[in-house]
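The structure follows.
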Amino acid sequence: MRRLPVFFVLDCSESMVGDSLKQMEEGMQAIVRTLRTDPHALETVYLAVIAFAGLAKTIVPLIEVFSFYPPKLPLGSGTSLGAALMVLMNEMDRAVVKTTPEQKGDWKPLVYLFTDGHPTDDPGPMIARWNAHYSRRATLIAVGLGRDVDFSILRQLTEHVIQFKPNQTGDFTHFINWISASVVAQSKSVGEGVEKDSLPALDLSFMQLIKTPPPNLADSSCVTLVGRCQNTRKPYLIKYESELHNLANLDFKIAVPMYRLTGCYPLSEDYFEWSDGCAVELKVNTANLLGAPGCPYCGNSIAFAVCGCGKLLCINEPGEAICPWCNETVNFQPHSGNEQHGFDVGRSRG
């Protein structure tokens, strides 16, 4: 039986923390449930998952739908699209059976690439390699999650570039159903001996086919900061999402980008393995951050205390604390309320 390989290439960068990553995991589960109910998909579809953040790895090699178990997705700093493309191409070379004079190979693979931001590596060489040797061998559907995606990069990879813009509860479920339907439709086509490159009709209420990429925004869509619990020493991630605030006086009015707290999330230690290890000094001023979280582990009221080593930790009140990063004793003083301009802290790459 000729197989229909389906690769999911998933952005697991910090900006996906929280609901976005959870929805991605639940979406994979829903897709598999749908495919298991379709006899054509059960016979032909094989699934693989590639995750990318600061690095890229295959976390589920190509396997039949019946045996596929949706993985827990990692989280890391960075959005290494070039690395993800390299892993994808290597997987296609390794796992996809080519047609020879002696045998029919696999059907043309489907690739679903999901990302919510801008590449933090240089994807140019891998894009060139893809277009030269792989683009005709697979159907790639690139999905931009939200408004802060670099669609100009995605358009260099494929004509199938879709922006997902949820407007109401349930839109993500409908979107996952659309993906499931596209896989099922292709599995039925190949079951009849026909390959199709066309996609099912888009639901324009929350999906848009990107033909001309919109201009890139100058401001990042979010700010993420990493800290450690003083008591458990476990890492956590603080996430702020951008919003514009209008500042005005008699002479002028300007829109200033600010970042509002959306949550503080526990991290596993493999976050650091998945993060981009390049030394990049990214800063954000605390005056641009709205809201301060508590620790998600021990309940300390402040997760935003800064040690002299530049790292974040949690405290419950002013006084001495031992930094879980450098093991130095730090004496935190009460906030005076006069720091109108804030201070700079190191942010992650998102």
Side-chain angles (χ1 to χ4, degrees), residues 1-12 16 19-51 58-74 88 91-92 95-97 104-115 137-145 158 160 162-209:
M1 174 66 69
R2 298 177 68 185
R3 305 180 304 175
L4 174 61
V6 180
F7 294 91
F8 289 94
V9 184
L10 307 179
D11 182 347
C12 297
M16 293 289 292
D19 289 343
S20 296
L21 205 67
K22 182 180 178 182
Q23 284 184 330
M24 194 87 77
E25 291 176 336
E26 292 174 348
M28 288 295 305
Q29 295 170 5
I31 290 169
V32 172
R33 284 197 300 269
T34 299
L35 296 179
R36 285 176 176 168
T37 64
D38 184 86
H40 294 282
L42 273 175
E43 284 188 2
T44 60
V45 173
Y46 278 60
L47 301 175
V49 179
I50 296 168
T58 300
I59 57 176
V60 180
L62 204 61
I63 190 171
E64 61 187 346
V65 167
F66 183 79
S67 302
F68 179 88
Y69 184 78
K72 179 174 176 57
L73 298 177
L88 170 63
E91 281 296 305
M92 287 176 60
V96 177
V97 178
K104 285 283 191 179
D106 290 333
W107 295 104
K108 188 176 183 179
L110 290 174
V111 179
Y112 293 90
L113 167 65
F114 290 79
T115 184
R137 292 165 47 189
T139 300
L140 192 156
I141 299 99
V143 179
L145 303 173
T158 177
H160 303 306
I162 296 170
Q163 182 181 23
F164 172 63
K165 300 186 297 182
N167 295 309
Q168 58 187 4
T169 303
D171 280 351
F172 190 80
T173 299
H174 295 317
F175 180 57
I176 290 299
N177 291 341
W178 179 88
I179 293 173
S180 301
S182 68
V183 176
V184 169
Q186 186 72 336
S187 69
K188 288 181 178 178
S189 296
V190 300
E192 298 166 357
V194 179
E195 284 187 313
K196 294 182 179 179
D197 282 335
S198 59
L199 301 178
L202 305 186
D203 186 334
L204 298 180
S205 66
F206 56 85
M207 301 167 69
Q208 178 184 356
L209 185 66

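Just the heavy atoms: all of them, side chains too, but no hydrogens, waters or symmetry mates, feed the values below. Predicted, not measured: the structure shown is a model, and the values here were computed from it.
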Is there a salt bridge (charged side-chain N to carboxylate O under 4.0 Å, His left out) between Arg3 and Asp106? Walk through the geometry before answering.
CA-CA 5 Å; Arg3 305 180 304 175; Asp106 290 333; 2.8 Å; yes

If we ignore hydrogens and angles and just use 3.5 Å, is the side chain of Trp178 paired with the main-chain N or O of Met207 as donor and acceptor?
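Here the side-chain-to-backbone pair does not exist.
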
Do the non-hydrogen side-chain atoms of Ile179 and Ile31 ever get within less than 4.5 Å of each other?
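In short, these two side chains touch, coming nearer than 4.5 Å.
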
Pairing residues for Ser67 by the side chain to side chain donor-acceptor pair (under 3.5 Å) criterion, not counting sequence neighbours
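Listed in chain order: Glu64.
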
My understanding is that only residues two or more places apart in sequence, or in another chain, count here; which of them pass side chain to side chain donor-acceptor pair (under 3.5 Å) with Gln23?
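With sequence neighbours excluded, Gln23 shows a side chain to side chain donor-acceptor pair (under 3.5 Å) to no residue whatsoever.
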
Nearest-0.5 Å distance that lies between atom CE in Met16 and atom OG1 in Thr115
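Met16 CE to Thr115 OG1: 8.0 Å, rounded to 0.5 Å.
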
If you define the side chain from C-beta out and look only at heavy atoms, does anything of Leu10 sit under 4.5 Å from Ile59?
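When only atoms from C-beta onward are counted, Ile59 and Leu10 do not touch, as no gap falls below 4.5 Å.
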
Compare every heavy atom of Ala181 with every heavy atom of Pro200, then report the nearest pair and how far apart it is.
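Shortest heavy-atom contact: CG-C, 4.4 Å.
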
After noting the C-alpha distance and the side-chain angles of Val143 and Leu113, does the key distance pass the side chain to side chain contact (heavy atoms under 4.5 Å, CB included) rule?
CA-CA 6 Å; Val143 179; Leu113 167 65; over 6 Å; no

Out of Leu62, Leu140, Leu110, which residue meets the side chain to side chain contact (heavy atoms under 4.5 Å, CB included) rule with Phe7?
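With Phe7 as partner, Leu62, Leu140, Leu110 yield a single side chain to side chain contact (heavy atoms under 4.5 Å, CB included), made by Leu62.
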
Do Leu145 and Met24 come within less than 4.5 Å of each other through their side chains, counting heavy atoms only?
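Counting from C-beta outward, Leu145 and Met24 do come under 4.5 Å.
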
Restricting to non-hydrogen atoms, name the atom on Asn167 and the atom on Asp171 that form the minimum distance, rounded to 0.1 Å.
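Looking at all heavy atoms of both residues, the shortest contact is N-OD2, 2.7 Å.
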
Check Lys108 against Thr139 and note the closest heavy-atom contact, atom names and distance.
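Smallest interatomic distance, heavy atoms only, reads CE-OG1, 3.8 Å.
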
Non-neighbouring partners of Phe172 that pass ring pair (Phe, Tyr, Trp, His ring centres under 6.0 Å), sequence neighbours left out:
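Scan of Phe172 (ring pair (Phe, Tyr, Trp, His ring centres under 6.0 Å), adjacent residues dropped) gives Phe164.
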
From CA spacing to verdict: side chain to side chain contact (heavy atoms under 4.5 Å, CB included), Asp38, Lys188:
CA-CA 9 Å; Asp38 184 86; Lys188 288 181 178 178; 3.4 Å; yes

For residues Phe68 and Val49, report the shortest heavy-atom separation together with the two atoms involved.
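So the two residues come closest at CZ-CG2, 3.7 Å.
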
Taking atom SG of Cys12 and atom CD of Glu25, what is their separation to the nearest 0.5 Å?
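Going from the SG atom of Cys12 to the CD atom of Glu25 covers 8.0 Å.
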
Side chain to side chain contact (heavy atoms under 4.5 Å, CB included) between Gln208 and Leu202, intermediate numbers included
CA-CA 7 Å; Gln208 178 184 356; Leu202 305 186; over 6 Å; no

Full working for side chain to side chain contact (heavy atoms under 4.5 Å, CB included) between Tyr112 and Val183
CA-CA 10 Å; Tyr112 293 90; Val183 176; 3.5 Å; yes

Interatomic distance, Ile50 atom CD1 to Leu88 atom CG [nearest 0.5 angstrom]:
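Rounded to the nearest 0.5 Å, the CD1-CG separation comes to 4.5 Å.
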
Check whether Thr58 reaches the backbone of Val60 with its side chain - one donor and one acceptor, N or O, closer than 3.5 Å.
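Side chain of Thr58 to backbone of Val60: no pair is present.
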
Decide yes or no for Val96 and Trp107: does some side-chain heavy atom of the first lie under 4.5 Å from some side-chain heavy atom of the second?
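Val96 vs Trp107: side chains apart.
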
Report yes or no: does Asp203 contribute a side-chain atom to a donor-acceptor pair with the main-chain N or O of Phe175 at less than 3.5 Å?
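It does not hold such a pair.
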
What's the spacing between Tyr46 OH and Leu4 CG if we round to 0.5 Å?
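Spacing of OH (Tyr46) from CG (Leu4) equals 11.0 Å.
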
Atom CG in Leu73, atom CZ in Phe8: separation rounded to 0.5 Å?
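Answer rounded to 0.5 Å: 11.5 Å.
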
What's the separation between atom CG in Leu47 and atom CE in Met28, rounded to the nearest 0.5 Å?
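If I round to the nearest 0.5 Å, the distance is 6.0 Å.
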
Any non-hydrogen side-chain atom of Pro61 less than 4.5 Å from a side-chain atom of Ile63?
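Pro61 does not reach Ile63 side chain to side chain.
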
Closest heavy-atom pair and its distance - Ser187, His40:
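Where Ser187 meets His40 most closely, the heavy atoms are OG-CB, 3.8 Å.
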
If you look at every heavy atom in Val65 and Leu35, which pair is closest and at what distance?
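Looking at all heavy atoms of both residues, the closest pair is CG1-CB, 4.0 Å.
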
